[in-house]
Structure formats: structure tokens, C-alpha cells
Amino acid sequence: MAHEVHDVAVKLAREAGELIVTRRAGHIEVASTKSSDVDVVTAVDKESEEFLYTRLRELRPGDGFLGEEGQVEESTTGVTWVVDPIDGTVNFLYNIPHYAVSIAAVTGDPSPVSWQVEAGAVFNPATGELFHAARGEGAFLGERRLQIGPPPPMNLALLATGFAYSTAMRKEQVRILSQLIGEVRDIRRMGTASLDFAAVAAGRVDVYFERTLSPWDHAAGELLVTEAGGIITGIRDLAQGREGIFAGHPTLVTQLKARISEVGGDTLLQDVPGWGLE
Ligand code: 2AM
Ligand code: CA
């Protein structure tokens, strides 16, 4: 099963990737905004999602679908496709070559609390890099197998993170980072969650932490990390998800999680005043 859906994920990530990079050669403008003025959608996000939805209906009739731009289909087979048709939309808008199509096949209820990720593909069409994994079969960049190495001490760790679209939440995140910046090698904010997970799997950063992500931002990325020998966990004793997600070597994740808790970075979202997103 993992193998079958893996091949579909890879094929469609490439196809949708080719579509969005071709569209990027033309004029791109913001079509609408979502949670806030800076949370943008272009016509290409919608086109890419529509394309993936249609292709999956052809290739995998009966499977469910959960896409960022609103397509939802219940599964009758037990498999659901969790899809971000363009992850890193702001990078896409500015033509920064760091955006991706992220596709995962999950079984069980398609929610991070309960899903099992069977396969995932994260394709950056601007660089041609394809990260992919099937459950139990390893994570790969192209043909190269990925394995997370021994963890550096925290003061030599490169930490990746991202900011929410809500202003109140961003201010809170900067407050936390102002504590951590003196305690790690450096911080990266690259703007594309799925590629942050891929970077952890590929050893390009040591550890990653972010809050307020949605299921399509991390479904495929999770499997890249766990198949490369890392762990995925949430804040406090919660499952990974909207409240928070950590990815990396188990030792480093445990240390970072404890430190973030010490500086108050695990306050529940509902308790961050005016955090502003539903
Ligand atoms: P997007 O480009 O598909 O919107 C930026 O930190 C990364 O997190 C991007 O991958 C972005 O996905 C994703 N993201 C989506 N919603 C977010 C939110 N509410 N807060 C933080 N990051 C979000
Ligand atoms: Ca998106």
C-alpha cells in the first residue's frame, strides 16, 4: 500500500510542480487573502489544487481529499490525500525559488491526531529537488537515502522556524526567538514548512519548530523526518498539529522542547491575547 501511493504522490507532485513553475514565468498576482492580509492565495494555488484533485479522481477513485484551498472529499477506501498545492506561497509570489507542492497519502481519520502517513512527496520545481518517503521504506532526496546524523549540542544547532500570519502571534514568536537566538548556532526562517521538514531530513538544519501550521503543511514532511530517523512531536503532551510541531533528532527535539517551555513558548494558542486566527 505505502509503495503504491508513494508512486502516485511522486508522480503528481512532479506534475503539479511543473504546472506552477510554468505559471510562475508569467504575471502572478494575489487573488484573495485568507486568515489575514498577508495570508495570500494566487490563482495558481487554486489551479494547482484543482489539477491535483482531478488527477487523483482519475488515478485513485474513492480516495479522500483534503486540500488547503478548500477541496474536501470523504474517503471510501480508507486513504485520504492531504495536499498543499503551493507551499510557500509568499516565496512563489516574490519569485524566491523556495516553494513546493506537498502531497501525502494518509490512512485513518485525516487529522494529525490520528492519521498514519503512508507516503509523502515534497517537490520544489524551482530547484528540481524531490523529497519523498514511503512508510517503512526510508526517506529520499531524489535517489539518495536520507539519514539524520548525530545531534550537535544545542549551542551549535541550526534552528529552523516560521511565523504565523497573525500579528499578535508573530510578536509572541519573536519574543521566544529573542531568548533562543543566543543559545543556538543560528536561526533560519525560509518560509516553506514542507521544505523545512525536508531540510531536517536532509541534515540542512538540525531542528525545526513551528506553531499554527495546518495539516497539509506537515503531512508529507512528517514522514520525511521519521523515515530519516528523526521524531515529530507536539507541544506539551499534545499531538503534533496546529498548537505546535517539532522535528529533528530525538535528543535535540527533547532539549528544544524543554527550553521553549521554560521561556513560555508553549502557551496554548487560545491564551495568546489577540492571536487573531480562528
Ligand atoms: P503556505 O505558504 O501554504 O501558506 C510559513 O511559515 C510556512 O507555514 C508556509 O509553509 C506556510 O504555508 C505555512 N503556514 C500556513 N499557514 C500558516 C499559519 N497560519 N501560520 C504559520 N505558518 C503557516
Ligand atoms: Ca499553500
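From a predicted model like this one, the values you see are computed outputs, not experimental measurements. Just so you know, ligand 1 is whichever comes first in the structure, and atom 1 is the first atom listed for that ligand.
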Colleague: Does any N, O or S atom in Asp217 come within less than 3.0 Å of the Ca ion (ligand 2)?
Modeller: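 No, Asp217 does not qualify, because none of its backbone or side-chain N, O or S atoms lies under 3.0 Å.
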Colleague: Where on Phe163 is there a heavy atom closer than 4.0 Å to ligand 1, on the side chain, on the backbone, on both, or on neither?
Modeller: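 Backbone only.
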Colleague: Would Lys34 count as a contact of ligand 1 if the rule is a heavy atom under 4.0 Å away?
Modeller: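 Contact check Lys34 vs ligand 1: negative.
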Colleague: Tell me whether Leu213 has any N or O atom under 3.5 angstrom from an N or O of ligand 1.
Modeller: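 No.
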Colleague: Considering the heavy atoms of Asp84, write down every atom of ligand 1 situated less than 4.0 Å from one of them.
Modeller: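 Those atoms are 3 (O).
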Colleague: Using a strict 4.0 Å cut-off to heavy atoms of Ala164, name the atoms of ligand 1 that fall inside it.
Modeller: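 Answer for ligand 1: 20 (N), 21 (C).
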Colleague: Would Gly191 count as a contact of ligand 1 if the rule is a heavy atom under 4.0 Å away?
Modeller: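 Yes.
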Colleague: Is ligand 1 less than 4.0 angstrom away from at least one heavy atom of Met169?
Modeller: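 So Met169 does not count as touching ligand 1.
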Colleague: Counting heavy atoms only, which of Asn91, Val38, Thr212 comes nearest to atom 18 (C) of ligand 1?
Modeller: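 Closest candidate by heavy-atom distance is Thr212.
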Colleague: Centres of the Tyr208 and Phe197 rings: under 6.0 Å?
Modeller: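 Yes, the ring of Tyr208 comes within the 6.0 Å limit of the ring of Phe197, centre to centre.
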Colleague: To the nearest 10°, what's the angle at the Ca ion (ligand 2) between atoms OD1 (Asp84) and O (Ile86)?
Modeller: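 Between OD1 of Asp84 and O of Ile86, the angle at the Ca ion (ligand 2) is about 80°.
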Colleague: Give every residue pair that meets the ring-ring contact (aromatic ring centres under 6.0 Å, His included) criterion with at least one member in residues 14-58, sequence neighbours excluded.
Modeller: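 Those involving residues 14-58 are Tyr53-Phe65.
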Colleague: For Asp87, counting its heavy atoms only, list the atoms of ligand 1 lying under 4.0 Å from any of them.
Modeller: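 Numbered from 1, ligand 1 contributes 1 (P), 2 (O), 3 (O), 9 (C), 10 (O), 11 (C), 12 (O).
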Colleague: With a cutoff of 4.0 Å, is Ser214 in contact with ligand 1, counting heavy atoms of the residue only?
Modeller: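 Contact check Ser214 vs ligand 1: negative.
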Colleague: Should you measure from each heavy atom of Arg189, which atoms of ligand 1 turn up under 4.0 Å away?
Modeller: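 By the 4.0 Å cutoff, the relevant atoms are 5 (C), 6 (O).
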Colleague: Is Ile86 near ligand 1, meaning one of its heavy atoms is under 4.0 Å from it?
Modeller: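 Yes.
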